[in-house]
Amino acid sequence: MHISQFNYSIYLQYFICPSCGKLYFVQADDDETLSLLNDVKRMFVKLCILRRNGKEKNTPRSLNDKYKNANAKLSSLRKNLVENCQNHHFE
């Protein structure tokens, strides 16, 4: 599902309960969260490569902290988007 209002888009992932027919939002993204998601993916891959090459002890703490903070921010922003979308009626 895609919501567009005032040049602002929100991309929703949802499922419809087969029993009651209620719409449940699983995840929501906008341009900010999609950009942040790309950053988180890049940091994750970089950390995995360092750890895979046996450099886990030499992994920069700043990179690990930056990844954790960005991932937490992404989760928070997505949660807020889902909560805001649940207050609206969609057809």
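Below, all heavy atoms of this structure are taken into account, side chains as well, without hydrogens, waters or symmetry copies.
- One finds the CG atom of Asn80 at 10.5 Å from the CG atom of Asp30 (value rounded to the nearest 0.5 Å).
- Minimum interatomic distance between Val82 and Ala28 (heavy atoms only, all atoms of both residues): CG2-N, 3.6 Å.
- With rounding to the nearest 0.5 Å, the separation of CG in Leu34 from CD in Glu32 is 10.0 Å.
- Note: Asn38 CG to Met43 CE = 10.5 Å, rounded to the nearest 0.5 Å.
- Residues Gly21 and Ile16 share a closest heavy-atom pair of O-CG2, 3.5 Å.
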Mind running side chain to side chain contact (heavy atoms under 4.5 Å, CB included) on Val26 and Tyr24 for me, showing each step along the way? CA-CA 6 Å; Val26 178; Tyr24 290 94; 5.6 Å; no

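- For the side chain to side chain donor-acceptor pair (under 3.5 Å) test, residues two or more places apart in sequence or in another chain that qualify with Gln27 are Asp29.
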- request: Mind running side chain to side chain contact (heavy atoms under 4.5 Å, CB included) on Tyr67 and Val40 for me, showing each step along the way?
  value: CA-CA 6 Å; Tyr67 166 74; Val40 168; 3.6 Å; yes

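- Within the model, atoms CZ of Phe44 and CD1 of Ile49 stand 10.5 Å from one another, a figure rounded to the nearest 0.5 Å.
- Looking at Ser76, its side chain never comes within 3.5 Å of a backbone N or O of Ala72 through a donor-acceptor pair.
- In this structure, CG on Leu74 lies 5.0 Å from CG on Leu36, to the nearest 0.5 angstrom.
- Across all non-hydrogen atoms, the minimal contact from Ile10 to Cys85 is CG2-SG, 4.1 Å.
- In this structure, the separation between CZ on Arg51 and CG on Asn64 is 5.0 Å, given to the nearest 0.5 Å.
- The pair Asp39-Arg42 meets the salt-bridge criterion, since a charged nitrogen lies less than 4.0 angstrom from a carboxylate oxygen.
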